[in-house]
Amino acid sequence: MAQKIYVGMSGGVDSSVTAALLKQQGYDVTGVYMKNWSQDLPGMKCPWKDDYQDAKRVAVQLDIPFKMYDFEKEYRQKVVDYMVAEYQAGRTPNPDVMCNQEVKFKLFLDTALEDGADMIATGHYARTEGGQLLIAKNAEKDQTYFLYRVTSEALSKSLFPIGNFATKDEVRAIAKKLGLATAGKKDSQGICFVGKVGIKDFLLHELGPQPAGDIVDQKGKTIGRHDGAIFYTIGQRHGLEVGGGLPYYVVGKDMDKNEVYVTTDLQDERLWHRKLTLTDVHWIDGEPDFGKTLQVRTRYRAPLAAVEVVEKISDNRLNITLVDEIRALTPGQSAVFYDGETCLGGGIVI
RNA sequence: GGGCCCAUAGCUCAGUUGGUUAGAGCAGAGGCCUUUUAAGCCUCGUGUCGUGGGUUCGAGUCCCACUGGGCCCU
């Protein structure tokens, strides 16, 4: 009897092709639309209905059962509340990491299993093998950075067919060939409510206006005013509305003083880091061998950095030193470890 | 009181020996890229050239006065 696979279908091309491929391969496929957010926001209509329709249309084309899971409440708690709280604390969170950890590969997986599924599948650009997480064949589109907090158990029950394609064109070609309704659809952004609205407007909507404060340059001079320190992240250039010669980059902020620090000096030492401390460390397949030369990525699509020293502070906390300095290390973002093609896990930068 | 500088787009400034539609960077807007936030890349505008006179065929560019900044001197 064919294995029963529940495919998370977002209404995009990737997850549509995922379902199609698995069906072709003979699996017993069921499509599931996860409704995580449906609220309209000022200036933007939430596209969830369109996405749902697209996903359903494809399911009909593929002749597979289709259902919807409503995770709005949990998504709100686990992802949105976390995200807002982190911003308030002055950090820059990564909601999609949390979404994968808590919603897609926990809630969705558990719900699907309860409904009778043997495994789940998503349209992620990643591969998995024996409970391990591997980067996608298409390294440019690799999404393991968002998946490093998923457990080995969850991975062993997950399939990522898209991860085996070397290019996005191949994925689109399949969608086109099969005549899928989503073939020509533009790549979607991760979180619908920050997609078009922007994080600043979203936070304003959630938290209301923030207290203004000083913008201070590398000489200690106040060069302008910001409209809320929570809106700014390390390395950021635009949005400060401060002109005069060279671009200013955010190098830090003090939430108590409500000050944002900037520099025009690209070599400013506050913009470059070799040492970082991680918390909430999670290893997918157990603690790796730190004797090997590992690589770490501290921002999605940022270049990999070679790790020189790893010092364990406790089970879920460690210090690492890099071979070379990296730009704009940002508290709240994740540091994800790689050993060649294997994504090992990682932690949150503090 | 005297002397010397400066005042040009929101900001920092460039504007040749006076000559057609005054420019660069930064900021801002739009787009690309991107399942976080950013970086990055592409495109785009904007100005009573401090005010008032004068010289000249023609002045941001020369002269005078004034106003506002800065500096120096007894």
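Chain naming here is simple, since letters A, B, ... match the order of the sequence lines and numbering starts at 1 in each. Source: prediction; values computed, not measured.
For the OP1/OP2 pair of B:G40 and a distance below 4.0 Å, the side-chain nitrogens and oxygens of A:Y249 include at least one atom meeting the criterion. The phosphate of B:U35 has OP1 or OP2 within less than 4.0 Å of a side-chain N or O from A:K141. Remark: A:Q143 is in phosphate contact with B:U35, judged by side-chain N or O atoms under 4.0 Å from OP1 or OP2.
Using bins of under 30°, 30° to 60° and over 60° for the plane-to-plane angle, the ring pair A:Y52/A:Y33 lands in the perpendicular bin.
For CD of A:E129, the number of neighbouring non-hydrogen atoms (other residues, nucleotides, ligands) closer than 6.0 Å is 12 at most.
A:R91 has a carboxylate O that lies under 4.0 Å from a charged side-chain N of A:E86, or vice versa, which qualifies the two as a salt bridge.
The residue A:Y125 sits apart from the nucleic acid: no heavy atom pair falls under 4.0 Å.
A:R299 contributes no side-chain N or O that forms a donor-acceptor pair with the base of B:U36 under 3.5 Å.
Summarising the hydrophobic clusters (Ile, Leu, Val, Met, Phe, Trp, Tyr; side-chain heavy atoms under 4.5 Å, direct or chained), the residues clustered with A:I313 are none.
Glycosidic conformation, B:A7: anti, with the torsion outside 90° of 0. Annotated as syn: B:U35, whose O4'-C1'-N torsion sits within 90° of 0.
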Which parts of nucleotides 25-30 of chain B does protein reach within less than 4.0 Å, heavy atoms only, written one letter per nucleotide 5' to 3' as B for base, S for sugar-phosphate only and - for none?
-> BBSS--
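Pairing for B:C41 is with B:G31, a Watson-Crick or G-U wobble pair whose two hydrogen-bonding atom distances lie under 3.5 Å.
Under the 3.5 Å distance criterion, the side-chain polar atoms of A:D118 are matched with a main-chain donor or acceptor of A:K4.
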